[in-house]
Amino acid sequence: QVQLVESGGGLVQAGDSLKLSCAVSGRSFDSYGMGWLRQAPGKEREFVAAILWKEGTTYYSDSVKDRFTIARDKGEMTVSLQMTGLKPEDTAIYFCAAQSVLFWERGVRKSTEYDYWGQGTQVTVSS
């Protein structure tokens, strides 16, 4: 059974840094990409960053590029999101998710294309 378990959320001030982690288990993820997506109150879930598990290729939304860094640790079976220069508009529930690479280029930025999801972790950035 595939499990994705996020941790590391919290309340921080604008300009602070925070690192989220997602522990993954239940299958081989060599044919999957791992994503971080977020959902703010009253808004749709949006893509933040993603990484191909096998190759390590990374993808970012324009809003977080140069501030956030996604990484995966194959040995520890984790996916992390290092967030720096946090802004109040980064406030959201952050979800870890996995998507088959079969249609990766088409679906990497689409929340509806992800197959497995974690329960989410709250990140709140105060001004």
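Atom OG1 of T69 is separated from atom CG of L81 by 8.0 Å, given to the nearest 0.5 angstrom. A distance of 11.5 Å separates OG1 in T57 from CD1 in I70, rounded to the nearest 0.5 Å. In this structure, D73 CG and T78 OG1 are separated by 4.5 Å, a value rounded to the nearest 0.5 Å. Separation of atoms CG (L20) and CZ (F68) is listed at 8.0 Å; rounding is to 0.5 Å. With rounding to the nearest 0.5 angstrom, the CD atom of Q99 is 9.5 Å from the NZ atom of K110.
In the hydrophobic clustering of ILVMFWY residues, with side-chain heavy atoms under 4.5 Å counting as a link, V125 and V64 come out together. Cluster annotation: V101 is not connected to F103 through the hydrophobic network of ILVMFWY side chains, with a link wherever side-chain heavy atoms come within less than 4.5 Å. Residues Y116 and V108 do not share a hydrophobic cluster, clusters being chains of Ile/Leu/Val/Met/Phe/Trp/Tyr side chains in contact below 4.5 Å. In this structure, L52 is not a member of the same hydrophobic cluster as V24, with clusters built from ILVMFWY side-chain heavy atoms closer than 4.5 Å. V2 and Y114 are members of different hydrophobic clusters when ILVMFWY side chains are connected at heavy-atom separations under 4.5 Å.
Listed by chain and residue number, nothing satisfies the side-chain contact (heavy atoms from CB on, under 4.5 Å) test with D66 (two or more places apart in sequence, or in another chain). By the side-chain hydrogen bond (donor to acceptor under 3.5 Å, both in side chains) test, Q1 is found to be paired with no residue, residues two or more places apart in sequence or in another chain being considered. Not counting sequence neighbours, the partners of S61 by the side-chain hydrogen bond (donor to acceptor under 3.5 Å, both in side chains) test are S63. Residues passing the side-chain contact (heavy atoms from CB on, under 4.5 Å) test with S7, sequence neighbours excluded: S21.
Within 6.0 Å of NZ on K19 lie no more than 12 heavy atoms contributed by other residues, nucleotides or ligands. Within 6.0 Å of the CD atom in E55, the count of heavy atoms belonging to other residues, nucleotides or ligands exceeds 12. With a 6.0 Å radius and a threshold of 12 heavy atoms from other residues, nucleotides or ligands, Q122 has its CD atom above the threshold.
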Hey, can you pull the donor-acceptor pairs under 3.5 Å for the side chains in residues 27-39, sequence neighbours left out?
unit_1	atom_1	unit_2	atom_2	d
R27	NH1	Y32	OH	3.4
S28	OG	D30	N	3.4
R38	NE	E46	OE2	2.6
R38	NH1	D90	OD1	2.9
R38	NH1	Y94	OH	2.9
R38	NH2	E46	OE2	3.1
Q39	OE1	R45	NE	3.3
Q39	OE1	R45	NH2	3.3
Q39	NE2	K43	O	3.1

Scan the side chains in residues 82-89 for donor-acceptor partners under 3.5 Å anywhere in the protein, sequence neighbours excluded, and list what turns up.
unit_1	atom_1	unit_2	atom_2	d
T84	OG1	R67	O	2.6

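E6 places a side-chain N or O within 3.5 Å of a backbone atom of G120 that can act as its donor or acceptor partner.
No side-chain heavy atom of Y60 sits less than 4.5 Å from a side-chain heavy atom of F47. Residues V123 and T91 form no side-chain contact, since every pair of their non-hydrogen atoms from C-beta on lies 4.5 Å or further apart.
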Worksheet item: Are S100 and D115 close enough, and set up right, to give a side-chain contact (heavy atoms from CB on, under 4.5 Å), and what steps lead you there?
Response: CA-CA 7 Å; S100 168; D115 304 300; 3.8 Å; yes
